Amino acid sequence: MARRPSLSTLYLRKPDAAETRHLQQLHALYDAAGQNAFLADDDTLRCLYLQPGVMQSAMLTEYPWYLVCAYARLMMSALVQQPHPASAWILGQGGGSLSRFLQYASPACRTDAVEIDETVLHLYKQLQPAPEDNSVALHHADATAWLPAQVEAGRRTDLLLIDVYDRNGLVPALNTPAFYASCAAALSTQGMLVANVWGKPSQLSIMLADLRQQFASVQWARSPDSYNLLVFACQSPVSTELRQQHANALNQRIPALNIHDSLQRLRTLPAAASKEEDLSRITDDLRSILIPDSAVPQNYPDWKRNVLQQAKALLSLPADKITPSGLKANGNCAGELPA
């Protein structure tokens with residue numbers, strides 16, 4: 001039997017000259033920031049790094065609402081379930097890509113954004129934000145404590161967006177049946193949970209099987225530009241007809257969301273007779289999609305070229321509107337935490 005291609009082989013490749021130079025620049029910025037998270041500008045791109053080689057988020061300075069990373073656009077396909085959310089909770093605010101997009105796409109949506117890393121919150125305030133308003137409330141807190149507290153207080157949300165992970169993939173405290181039960185309890189009647197995760201199929205399959213014990217509908221898809229897995233869960237999915245209506249309306253209103261492409265990527269397994277059977281089938285499914293993909297950029301220069309080309313196409317920009325340039329530091333870690 002042929003051996004299944006493994007993602008681990010990607011981490012054994014030696015960086016080429018362009019990637020080596022880029023990593024050297026990032027290490028210099030990292031050291032200058034006291035080996036804390038830092039911001040870096042690359043002409044029209046502004047990126048937040050947790051450490052060299054670990055980019056947390058990216059934005060276009062001229063279009064701060066635009067979701068640069070395809071995984072983030074895929075996350076926001078949740079709007080076909082809730083096209084006009086009254087509220088959204090974001091666990092893992094980071095650079096604020098999702099909250100800025102919601103301010104643009106759903107101005108009436110009240111967003112609560114939770115971030116545990118104090119340095120990241122400082123840096124978020126230095127990024128070019130969407131117009132100031134009161135629709136986003138920032139919380140410097142641990143999501144594992146903050147979320148159950150909201151449920152206990154009787155609060156509910158239409159969108160629960162989880163974008164929390166570390167270098168090893170799933171954060172253990174956010175990957176337990178008890179936490180998923182809190183997620184289910186936190187949603188409104190037609191609310192949706194979306195989680196951005198990555199890791200080995202053996203790890204992710206356990207997460208998905210546990211979620212299927214809590215939610216009536218669970219779908220997932222791999223991001224087209226990375227090996228991130230996006231998981232969608234809800235109790236009361238809208239009908240296929242209404243989902244299509246919402247998708248068509250979103251495509252007209254926000255074509256840069258690329259909604260139809262996202263929906264085509266979603267996968268669903270039929271319900272299994274037992275959790276063990278569920279686990280086996282989910283693992284097999286994940287192993288079929290979490291394999292090396294030549295379409296996924298292998299280094300920063302390729303990634304940058306890819307996202308700028310996508311931005312030109314999705315934003316219908318002139319060919320010379322976005323031009324790559326050199327890397328430089330941006331921002332520092334001084335200042336008070338946001339209220």
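Quick note: residue numbers are just sequence positions, from 1. What you see is a predicted model; the values in this text were computed from it and never measured.
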What I'd like to find out is whether the side chain of [X] reaches to under 4.5 Å of the side chain of [Y], using heavy atoms alone.
X	Y	result
Leu79	Leu159	yes
Met75	Leu67	no
Gln213	Pro177	no
Val68	Tyr63	no
Leu29	Pro52	no
Asp285	Arg281	no
Phe232	Met192	yes
Ile289	Arg267	yes

Spatial distance of atom [atom1] ([X]) from atom [atom2] ([Y]) [nearest 0.5 Å]:
X	Y	atom1	atom2	value
Gln264	Ser77	CD	OG	12.0 Å
Ser223	Trp198	OG	CH2	14.0 Å
Leu257	Ser262	CG	OG	6.0 Å
Lys200	Ile206	NZ	CD1	11.5 Å
Ser217	Leu193	OG	CG	11.0 Å
Glu152	Leu147	CD	CG	12.0 Å

Taking [Y]'s backbone N and O only, do any of them form a donor-acceptor pair with [X]'s side chain (distance below 3.5 Å, no angle check)?
X	Y	answer
Glu19	Ala17	no
Gln81	Gln190	yes
Ser280	Glu277	no
Gln35	Gln51	no
Arg253	Ala105	yes
Asp42	Leu45	no
Asp117	Val120	yes

(message) Run the side chain to side chain contact (heavy atoms under 4.5 Å, CB included) test on Asp302 and Asn306 for me, step by step, so that the C-alpha distance in whole Å, both residues' side-chain angles and the decisive distance to 0.1 Å come before the verdict.
(response) CA-CA 6 Å; Asp302 288 347; Asn306 182 53; over 6 Å; no

(request) Mind checking side-chain hydrogen bond (donor to acceptor under 3.5 Å, both in side chains) for Asp284 and listing every partner two or more places apart, or none if nothing turns up? (result) none

(message) Using the side-chain hydrogen bond (donor to acceptor under 3.5 Å, both in side chains) criterion, which residues pair with His139? Sequence neighbours excluded.
(response) Asp112

Residue pair [X] / [Y]: nearest heavy atoms and the distance that separates them:
X	Y	result
Ile259	Ala247	CG2-O, 3.5 Å
Ala78	Val194	CB-CG2, 3.5 Å
Phe179	Leu174	CD2-O, 3.6 Å
Ala70	Asp225	N-OD2, 3.1 Å
Gly95	Arg100	O-NH1, 2.7 Å
Ser87	Arg156	OG-O, 3.7 Å

Does the side chain of [X] come under 3.5 Å of the side chain of [Y] through a donor N or O and an acceptor N or O?
X	Y	answer
Asn248	Gln244	yes
Thr268	Gln219	yes
Gln93	Ser99	yes
Tyr30	Asn36	no

(request) Using the side chain to side chain contact (heavy atoms under 4.5 Å, CB included) rule, take Ser188 and Gln82 through it: C-alpha gap first, then chi angles, then the decisive distance, then the call. (result) CA-CA 10 Å; Ser188 60; Gln82 280 280 3; 4.0 Å; yes

(request) Step by step, work out the side chain to side chain contact (heavy atoms under 4.5 Å, CB included) result for Arg287 and Thr283. (result) CA-CA 6 Å; Arg287 284 175 174 166; Thr283 302; 3.7 Å; yes

(message) Against Val197, only a single residue in Asn228, Leu229, Leu230, Asp163 fulfils side-chain contact (heavy atoms from CB on, under 4.5 Å); can you say which?
(response)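 Single pass found, and it is Leu229.
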
(request) With sequence neighbours left out, write down each residue that passes side chain to side chain contact (heavy atoms under 4.5 Å, CB included) with Ala216, or none if nothing qualifies. (result)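 Checked Ala216 against side chain to side chain contact (heavy atoms under 4.5 Å, CB included); matches are Gln235.
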
(message) Between the side chains of Asp293 and Arg222, is the shortest nitrogen-to-carboxylate-oxygen separation below 4.0 Å, so that they form an ion pair?
(response)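 Yes, charged N to carboxylate O under 4.0 Å.
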
If hydrophobic clusters are built by linking Ile, Leu, Val, Met, Phe, Trp and Tyr wherever their side-chain heavy atoms come under 4.5 Å apart, do [X] and [Y] end up in the same one?
X	Y	value
Leu308	Met55	yes
Val238	Leu263	no
Leu211	Leu279	no
Trp220	Leu204	yes
Leu161	Tyr66	yes

(request) Flag yes if more than 12 heavy atoms outside His27 fall under 6.0 Å of its NE2 atom; otherwise flag no. (result) yes

(request) Can you label the angle between the Trp146 ring and the Trp89 ring as parallel, tilted or perpendicular, going by 30° and 60°? (result)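 Plane angle over 60°, so perpendicular.
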
(request) Please work out which of the three classes, parallel, tilted or perpendicular, describes the rings of Tyr300 and His22, given edges at 30° and 60°. (result) parallel

(request) For the pair Leu102 and Trp65, evaluate side chain to side chain contact (heavy atoms under 4.5 Å, CB included) and give the outcome as yes or no after the intermediate values. (result) CA-CA 8 Å; Leu102 283 171; Trp65 61 268; over 6 Å; no

